[in-house]
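So the structure is just underneath, and the comments pick up after that.
So that the names make sense, note that chain A is the first sequence line, chain B the second, and so on, each numbered from 1.
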There are 2 protein chains.
Amino acid sequence: MQGAEPKPSEELILNAAVKVFTRKGYAGARMEEIAKEAGINRALLHYYFRDKETMFNIIFETKFKEFFTGMFGVFQSNASLTEKIRSIIDHEITVLSKHPDLARFVIMEIAQQPDRLIQFGQKLGFNPRMMLQNFQKEIQQNVQEGKIRPIDGRQLLMNIISICIYPFVAKSIIKTMMQMDENTFSDLMEKRKKDAYEFIINAIKP
Amino acid sequence: MQGAEPKPSEELILNAAVKVFTRKGYAGARMEEIAKEAGINRALLHYYFRDKETMFNIIFETKFKEFFTGMFGVFQSNASLTEKIRSIIDHEITVLSKHPDLARFVIMEIAQQPDRLIQFGQKLGFNPRMMLQNFQKEIQQNVQEGKIRPIDGRQLLMNIISICIYPFVAKSIIKTMMQMDENTFSDLMEKRKKDAYEFIINAIKP
DNA sequence: TGCACTTTTAACAATTTTGTTAAACAATTA
DNA sequence: TAATTGTTTAACAAAATTGTTAAAAGTGCA
């Protein structure tokens, strides 16, 4: 009988595996490194999780959910367009600040195997296309009502997402080039919630 | 004596290696796959290039240059701020449209080993920090002269770069979610040169 | 305690991936 | 043509990585 709460080792392994997989990706991750990180024998990895691929899928599913769920929650809400924009920015920056490797990991692994997007999307029961389409319709409507400047909904959507996510994907480059330490970067991202919002709002207001 | 033009095999191998490395990354790339892609025996890879790492470094240097050089060329020009912005957008979208895996590859490999940014930057003789600092000063000056709305230079810089690069990094996700085929995506990116420029200009104009 | 059961490990085996070597083949030229 | 050089391959060797097994160690309880 499978208990509800995971054994300490199982959780230990999972945490270690998350670290290694999200940092190195599937191809770069080593079972040895995961075991070392968890402070246990490599064979135990196979005792709790059949093999590398099984482990990866469990972790990828978690991270996939973490990456997409909140975003789609916002899209589905019935707030105004500007409120939605504020929520998306706020949510994305908050989540990615907490999980530094999340975006890069999910994006890279989907780029490696694009069908994972369909596969895990279905498994988690959401339909990305619908949500995006609705959001784009909403933009069109706002344009027609003269609430915002004329703009291609796809471009606006890409702009919002790019502005939120890219700095985390390219974090190491940005930190080096702008000579920031970890704290400076965090602070800048916190400030970015406001700055990015104003930037986008100014860009689209009539 | 080393000739100027590379032998057909050497070039064949290099082209194959570029494909495989940029698609799969260092860890995911297989010498076997490169050989197959080039249509030759695996041992020949080691005849022309000592080992996997040597091959990778040659290719990474090329791609690193491709990714950063033009961008910094624009930063160094003495065009106006808005002209610089137009040039950056134009250049980035043009380059990344031609080399679909370029951004993802360079970003990922630097994330894997951040010191490569310093290392290859020095090797190619450019100082990213200087250029970025000058660009940020230019932004500050434009703000003080009332030419653009008050904005943190770092944020504006990140916004411009994010808007240009992210769509290519997350291309497979975007294509799937927005139900685009390759051609539609290309067209959208071509149109984006204008759309992104207008978006950013509107965002910063006083 | 001793029995049944789970967890953990060391040692081993299999597989995958990289790198090497010696010989075949091709081209060039003395 | 035969000697020389450079190119290519098949076969082999080495290393790295993953996966398995049998036994040891730990746990709870009749």
Side-chain angles (χ1 to χ4, degrees), chain A residues 1-61 63 101 105 108-109 111-113 116, chain B residues 1-61 63 101 105 108-109 111-113 116:
Chain A
M1 195 184 299
Q2 263 299 58
E5 71 246 39
K7 286 97 193 166
S9 295
E10 194 171 333
E11 216 174 71
L12 220 63
I13 293 170
L14 223 41
N15 289 339
V18 165
K19 272 193 198 166
V20 176
F21 274 125
T22 55
R23 278 206 288 253
K24 306 284 182 77
Y26 180 83
R30 294 287 166 262
M31 297 297 267
E32 175 61 36
E33 198 184 341
I34 295 172
K36 211 171 116 195
E37 175 82 38
I40 48 119
N41 188 289
R42 232 179 55 245
L44 207 54
L45 302 182
H46 295 92
Y47 175 76
Y48 283 107
F49 309 91
R50 190 160 317 282
D51 53 23
K52 192 181 175 184
E53 209 187 314
T54 305
M55 261 181 104
F56 174 82
N57 281 330
I58 291 169
I59 286 162
F60 183 74
E61 185 175 327
K63 293 293 158 183
D101 298 316
F105 173 65
M108 290 307 123
E109 294 302 334
Q112 261 349 280
Q113 229 175 284
R116 291 205 257 236
Chain B
M1 195 183 298
Q2 263 298 62
E5 71 246 40
K7 287 96 193 167
S9 294
E10 194 171 334
E11 216 175 70
L12 219 63
I13 291 170
L14 223 41
N15 289 339
V18 166
K19 272 193 199 165
V20 175
F21 274 126
T22 55
R23 278 207 287 252
K24 306 284 183 77
Y26 180 82
R30 294 287 167 263
M31 297 298 266
E32 175 61 36
E33 198 184 341
I34 294 172
K36 210 171 116 197
E37 175 82 37
I40 47 119
N41 188 288
R42 230 178 58 244
L44 206 55
L45 302 181
H46 295 91
Y47 176 74
Y48 283 107
F49 309 91
R50 189 160 317 283
D51 53 23
K52 189 180 175 184
E53 210 187 314
T54 304
M55 261 182 103
F56 173 83
N57 282 329
I58 291 170
I59 287 161
F60 184 74
E61 186 176 327
K63 293 294 157 183
D101 297 317
F105 173 65
M108 290 306 123
E109 294 302 334
Q112 255 357 274
Q113 228 174 283
R116 291 206 257 237

Among dT7(C), dG6(D), dT9(C), the one nearest Y47(B) by side-chain distance: dG6(D)
Distances under 3.5 Å between protein N/O atoms and the N/O atoms of nucleotides 20-23 of chain D, please, pair by pair.
none

For the side chain of M31(B), starting at C-beta, report the closest nucleotide among dT7(C), dT18(C), dG19(D). dT18(C)
Would you mind reading off the distance between F56(A) atom CZ and dG19(D) atom C1', rounded to a whole angstrom? 19 Å
Does any part of the side chain of E10(B), heavy atoms only, come nearer than 4.5 Å to the side chain of I13(B), both counted from C-beta? no
Which comes earlier along DNA chain D counting from the 5' end, the contact point of L44(B) or that of E53(A), where each point is its nearest nucleotide? L44(B)
Give the intermediate values and the outcome of side chain to side chain contact (heavy atoms under 4.5 Å, CB included) for residues R30(B) and K36(B). CA-CA 10 Å; R30(B) 294 287 167 263; K36(B) 210 171 116 197; over 6 Å; no
Quick one: is S9(A) getting a side-chain N or O under 4.0 Å of the dT8(C) phosphate, OP1 or OP2? yes
Checking all strands, does A27(B) fall into the base, sugar-phosphate, or nothing category for heavy-atom contacts under 4.0 angstrom? nothing
K19(A), K24(A), R23(A) screened by side chain to side chain contact (heavy atoms under 4.5 Å, CB included) with D101(A), the one that passes: R23(A)
Between A38(B) and L12(B) the two heavy atoms that sit nearest each other are O-CD2, 3.4 Å
If you look at every strand shown and take non-hydrogen atoms under 4.0 Å, does I40(B) touch a base, only sugar-phosphate, or nothing? sugar-phosphate
Counting the atoms with a prime plus P, OP1 and OP2 as sugar-phosphate, which does A35(A) contact under 4.0 Å by heavy atoms, base, sugar-phosphate, or nothing? nothing
So which heavy atom on I34(B) is nearest to which on F21(B), and how close? CD1-CE1, 3.9 Å
Rounded to whole angstrom units, what separation is found between the CD1 atom of I13(B) and the P atom of dT7(D)? 11 Å
Extract all donor-acceptor atom pairs below 3.5 Å that involve side chains of residues 51-58 of chain A and protein atoms in other chains or at least two apart in sequence.
unit_1	atom_1	unit_2	atom_2	d
D51(A)	OD1	E53(A)	N	3.4
D51(A)	OD1	T54(A)	N	3.0
D51(A)	OD1	T54(A)	OG1	2.7
K52(A)	NZ	Y26(A)	O	3.0
K52(A)	NZ	A29(A)	O	3.0
N57(A)	ND2	E53(A)	O	3.4

Please determine whether side chain to side chain contact (heavy atoms under 4.5 Å, CB included) holds for the pair K63(A) and E109(A), giving the CA-CA distance in whole Å, both sets of side-chain angles, and the decisive distance to 0.1 Å. CA-CA 11 Å; K63(A) 293 293 158 183; E109(A) 294 302 334; over 6 Å; no
Considering non-hydrogen atoms only, spot the tightest contact between F49(B) and L14(B) and give its length. CZ-CD1, 3.5 Å
Atom pairs under 3.5 Å: protein N/O with N/O of nucleotides 24-27 of chain D:
none

